[in-house]
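Sequence lines set the chain letters: A, B, ... in the order given, protein chains first and strands last, and positions in each chain run from 1. Atoms considered below: every heavy atom in the structure, side chains included; atoms not considered: hydrogens, waters and symmetry mates.
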Amino acid sequence: MKIASVIVDVPTYGTNKPFDYLIPEKWEDVIQRGMRVIVPFSGRRVQGFVIQLKDESTVSELKEIVEPMDVHPVLNDELLHLGNKLADETLCLTLTAYQVMLPPALKAKYEKYITLNEDGIRHLPDSLGKLLLEKEEILWNEGEKLVGAAFLYKGVKKGWIDVRYEVKDKGRKKLVEYFRPAMDRPPFIENVSSASRLGKVQKLLIEFYLSDFRPHSTSELTNRFGNVRGSLLSLERIGLLKKESFEQYRDPYQHRVFAKTTPLPLTVDQKRAIHPIIQTIEKNIHRVFLLYGITGSGKTEIYLQSIQQVIQKGKEAIVLVPEISLTPQMVERFKGRFGEKVAVLHSGLSIGEKYDEWRKIQRKEVQVVVGARSAIFAPFENIGIIIIDEEHETTYKQDETPRYHARDMAIERGKIHRCPVLLGSATPSLESFARAQKGVYQLLTLEKRMNEKGLPEVEVVDMREELRKGNRSMFSELLLEKMMERLLKGEQIVLLLNRRGYSSFVMCRDCGNVLQCPNCEISLTYHKVSNEVKCHYCGYETRTPNECPTCGSEHIRFFGSGTQKVEEELGKLLPEARTIRMDVDTTRKKGAHEKLLEAFQQKKADILLGTQMIAKGLDFPNITLVGVLTADTMLHIPDFRASEKTFQLLTQVSGRAGRHELPGEVVIQTYTPEHYSIQLAKNQDYRQFYLREMGIRKNGQYPPYYYLVQIQVSHDNLQLVVATMEKIVRFLRARLSNRVLILGPSVAPIAKIKNKYRYQCLIKYKKEPNLLEVLRKVQEMFHRNQNQKGVSITIDLNPYTLM
DNA sequence: AGCACGCCGACT
DNA sequence: GTCGGCGTGCTC
């Protein structure tokens, strides 16, 4: 076993295969599969993943591994397998697949240094020469700032300077420095008295140690005595103290106390649902369950008690929730039940915090992970259950490479570990519910709310009617009336509006011109606070013009309403109401989300106004009214899932009301009250919606009847984009069977983003065994061309948004 | 991705 | 005859 196959950290399709390296004798016992190593590659050093150890190679002249980067493998055999499968099925690089399974702290970082050569100094400008003489070696970027990249390349070529690459390990454990007495107390005292002159501070420190003969951290001593690190180091030099570092976990929840909870008695419904899950846990068999339970029916308690069972068997559990920073309440429930056994992984954590949580898992210090999408790759080795809450959420599909779906990964891992996968939702995705109907998944249902209260009363208000009555405000009479009622009673209100900013677009009333982003094919959104118009796609922003840029007219009007405008209108209509606004603009800062929700929970506000981020998981007893300001914003986006998403959103947000003692009411305002997703959401009739929508999908040849692949091409040259897309479509038509539908080439729904034109095609199919192979060829074909022209193509299997 | 190699135009 | 532009192909 002297040879290692390595996937190198060079993200191109040309290098997407293992390279063999000799293992130097000194590392022979150390290097294992799944470790990261540093290897020489085409004249420089790069990081790589060892995927195999072997005795022979077909390559004759092998180079040697420079050194390992890990003491223990970061990917075990299961994860290596999972990564290969992921790369295969989503058409991404093996390297990219491995990287997505690891915390970002373990991603290699390279640093480029320059050093001075013999008589190079004579040729260099003073600024650079002086710096190099002083420091011997500087970062390439520093040099570039001084003299420009072109000059540096020249210098390298002429041999005046040398370039050196270094692979940096970003994985920084947080270390805390301690000083402890270097010996036991009696010899310590002896040594102190025999030591030659000690400084004043040093004496002080020695005295302190004698009074408290233990290790003390540098920060503790600094707090007590001022900056004494120098003196501590002197004491170390003369052998009295010894410096040590301990790893310390960063705990994102360290300031929170989680009230301990105990298992609640289950209802008859819940008992019936949990029984088959417990059985599969006991018998160690893999099965996928779809837990369809209406909002407030107690799905979480089923999760908790299943996990309890798993932990008792000495196994581990993974729980996925949609973007967890949004639901601190969820974390609380898991930490409350399982305390220290829980690790939390989500995008709100810093790189260091994610790394620490990951290490707790790797070291088996926890048995439960609660996290967002990527937590599905938690390096557990003995999984007893995988739970995906709010199974229908689109965030489980990553919308950048690698475009994997957490549900697929969960099922793959469930098979390997022979354990159940539990998908839970009040509004299951059509895909999953259809599978449950076919018996591929086992359906478990909870049809009753736990509090024995019915679902909240839902009223649909026709906003066209309001307009006819002369009401031009954002609020119907009914909603306003109900809001005032709640304010008097001191109960709380949630208002949902699917649009941030102030108004959705800015139009000239004289010429009809709508302000557009210069880089994207998208209208600009008006933000009143800053008096700017912004593009929500590329971030472009500019001052709102006073006159129309095309015709010069001053009659500029703002159309549509965003959260900012509603907030303002609320201030006028109900000046006594206290409002909290929650959207990407007010929750950008770390922890802001949690703070706003906490304030609402403590009744520091009467109204919580927000975009769809408020629709999920909120569980506050005092909310008795939910208002949806415009239910149809989502309905008319060009996406075959628009109805499904609208139905889900309305159902979810309605579920926020009346979860506890007080009965809840919901008011849905819409311009299309007759639409079935609004009518059926009003009745909370999922099954009827399912049947209706399935009929439409069947007719339109959409999922779950057909599988979908989306191919997009983008570049700043429109002709090139069209030509490339046409070429791809011709290629596909030639290679795929005639049962496959190929739609396009067509303009993407957003025709231009960040100055790049976008074209796309859609592939619909039921069964096409060689599809992956053909798609891989498309990809390879265009990676050759990519170098020349820079056209980027993306292939998305089972896309979730068609934008 | 980065790097060498090689071919061709521009200039000492 | 040399320097430097960048298209091409390779990296164990």
Length of the line joining [X]:[atom1] and [N]:[atom2], which is rounded to integer Å:
{"X": "Leu95(A)", "N": "dA1(B)", "atom1": "CG", "atom2": "P", "result": "12 Å"}
{"X": "Arg45(A)", "N": "dG2(B)", "atom1": "CZ", "atom2": "P", "result": "17 Å"}
{"X": "Arg44(A)", "N": "dT11(C)", "atom1": "CZ", "atom2": "C1'", "result": "8 Å"}
{"X": "Lys17(A)", "N": "dG9(C)", "atom1": "NZ", "atom2": "C1'", "result": "12 Å"}
{"X": "Asn16(A)", "N": "dC12(C)", "atom1": "CG", "atom2": "C1'", "result": "15 Å"}
{"X": "Asp9(A)", "N": "dC12(C)", "atom1": "CG", "atom2": "P", "result": "15 Å"}
{"X": "Tyr13(A)", "N": "dA1(B)", "atom1": "OH", "atom2": "P", "result": "11 Å"}
{"X": "Phe19(A)", "N": "dA1(B)", "atom1": "CZ", "atom2": "P", "result": "14 Å"}

For the side chain of Ser42(A), counting heavy atoms from C-beta on, which of dA1(B), dG2(B), dC12(C) is nearest?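 Ranking dA1(B), dG2(B), dC12(C) by closest atom to the Ser42(A) side chain puts dG2(B) first.
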Considering only distance and modelled atom types, tabulate donor-acceptor pairs under 3.5 Å from the side chains of residues 369-381 of chain A, sequence neighbours left out.
| residue | atom | partner | partner atom | Å |
| --- | --- | --- | --- | --- |
| Arg373(A) | NE | Thr395(A) | O | 2.8 |
| Arg373(A) | NH1 | Gln398(A) | OE1 | 2.6 |
| Arg373(A) | NH2 | Thr395(A) | O | 3.1 |
| Glu381(A) | OE1 | Lys364(A) | NZ | 3.1 |

Do Lys54(A) and Asp20(A) sit within salt-bridge range, that is, some charged N less than 4.0 Å from a carboxylate O?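 Here Lys54(A) pairs with Asp20(A) in a salt bridge, since their nearest N and O are under 4.0 Å apart.
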Would you call Lys777(A) and Glu780(A) a salt bridge, using N to O less than 4.0 angstrom?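 Result for this pair is no, no salt bridge flagged.
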When all nucleic acid strands are considered with a 4.0 Å heavy-atom cut-off, which category describes Pro18(A): base, sugar-phosphate, or nothing?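 Nothing, no nucleic acid heavy atom in range.
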Would you please determine if the base of dT11(C) is stacked by Phe41(A), with stacking meaning a centroid separation under 5.5 angstrom and planes under 30 degrees?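 Check passed, Phe41(A) stacks on base of dT11(C).
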Contacts of type side-chain hydrogen bond (donor to acceptor under 3.5 Å, both in side chains), residue Asn84(A), not counting sequence neighbours: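 So Asn84(A) forms a side-chain hydrogen bond (donor to acceptor under 3.5 Å, both in side chains) with Tyr98(A).
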